[in-house]
Structures are given as C-alpha cells and as structure tokens.
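Quick notes on the structure that follows.
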Amino acid sequence: MNIVIVGCGLIGRKRALALDKEDNLLSCCDINNDIAKAFANDFNCSSFVDYRELLREVDCDSVIVSVINKFAKEIIIA
C-alpha cells in the first residue's frame, strides 16, 4: 500500500515505524519544514509543508493523519 503521513511528530513517527514491510511510505508533511525534512530523511521519502500540495502531487492509497485533534478535521475532509 502506498502511504503518506501528515504530522511528523511523535505520533507520526510511531505510525511510520508500525508500517508493514509491504507498505511504501511515499511522503510526509508537517507545517515545520525542518521536522518534515528530518522525518523524510529518516524514512527515505519526500516531504511537504502543505498537506493540500501533498494531496495534489502524491498518488497514494492511504493518508495517516497524525496531527492534534483541532487540526485533524480539515485534513481528513480534504
């Protein structure tokens, strides 16, 4: 399964580490560019700072949303 993760903090990292070997982490996104780049480097994927851009540019099967609750609704709807 081709997966992207939105939110590269503690929960995002836990989700990335829990992926099956058959899964392919294509990209990540975080509003903090330094955190997104570090995450992308650690998990060998591309990074974005705008989830809307990520959703437009990356063809994925699943989106893991790992942000705090007050920001999750908008991302999930998108």
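- Other residues, nucleotides and ligands contribute more than 12 heavy atoms inside 6.0 Å of the CG atom of Asp20.
- No chain of hydrophobic side-chain contacts below 4.5 Å, direct or via other Ile, Leu, Val, Met, Phe, Trp or Tyr residues, connects Val4 to Leu19.
- Between Ile5 and Ser66, the closest side-chain pair of non-hydrogen atoms falls below 4.5 Å.
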Validation: residues 52-64 side-chain donor-acceptor distances under 3.5 Å, sequence neighbours left out:
{"residue": "Arg52", "atom": "NE", "partner": "Asp50", "partner atom": "OD1", "Å": "3.3"}
{"residue": "Arg52", "atom": "NH1", "partner": "Glu74", "partner atom": "OE2", "Å": "3.3"}
{"residue": "Asp61", "atom": "OD2", "partner": "Asn2", "partner atom": "N", "Å": "2.8"}

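- Grouping the Ile, Leu, Val, Met, Phe, Trp and Tyr side chains by contacts below 4.5 angstrom, directly or via other members, places Ile68 with Ile76.
- Applying the ring pair (Phe, Tyr, Trp, His ring centres under 6.0 Å) test to pairs two or more places apart or on separate chains, those with a residue in residues 24-44 are Phe39-Phe43.
- Note that CG of Leu26 is 11.0 Å distant from SG of Cys28, once rounded to the nearest 0.5 Å.
- The hydrophobic cluster analysis finds Ile31 isolated: no Ile, Leu, Val, Met, Phe, Trp or Tyr side chain comes under 4.5 Å of it, directly or through other members.
- By the side-chain contact (heavy atoms from CB on, under 4.5 Å) test, Lys37 is found to be paired with Asn33, Ser47, residues two or more places apart in sequence or in another chain being considered.
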Check: residues 6-17 side-chain donor-acceptor pairs under 3.5 Å, at least two apart:
{"residue": "Arg13", "atom": "NH1", "partner": "Asp42", "partner atom": "OD2", "Å": "3.0"}
{"residue": "Arg13", "atom": "NH2", "partner": "Asp42", "partner atom": "OD2", "Å": "2.8"}

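- Sorted by first and then second residue, the ring pair (Phe, Tyr, Trp, His ring centres under 6.0 Å) pairs with a member in residues 47-78 form an empty list; sequence neighbours excluded.
- Under the rule for a side-chain contact (heavy atoms from CB on, under 4.5 Å), Asn41 has no partner lying at least two apart in sequence or in another chain.
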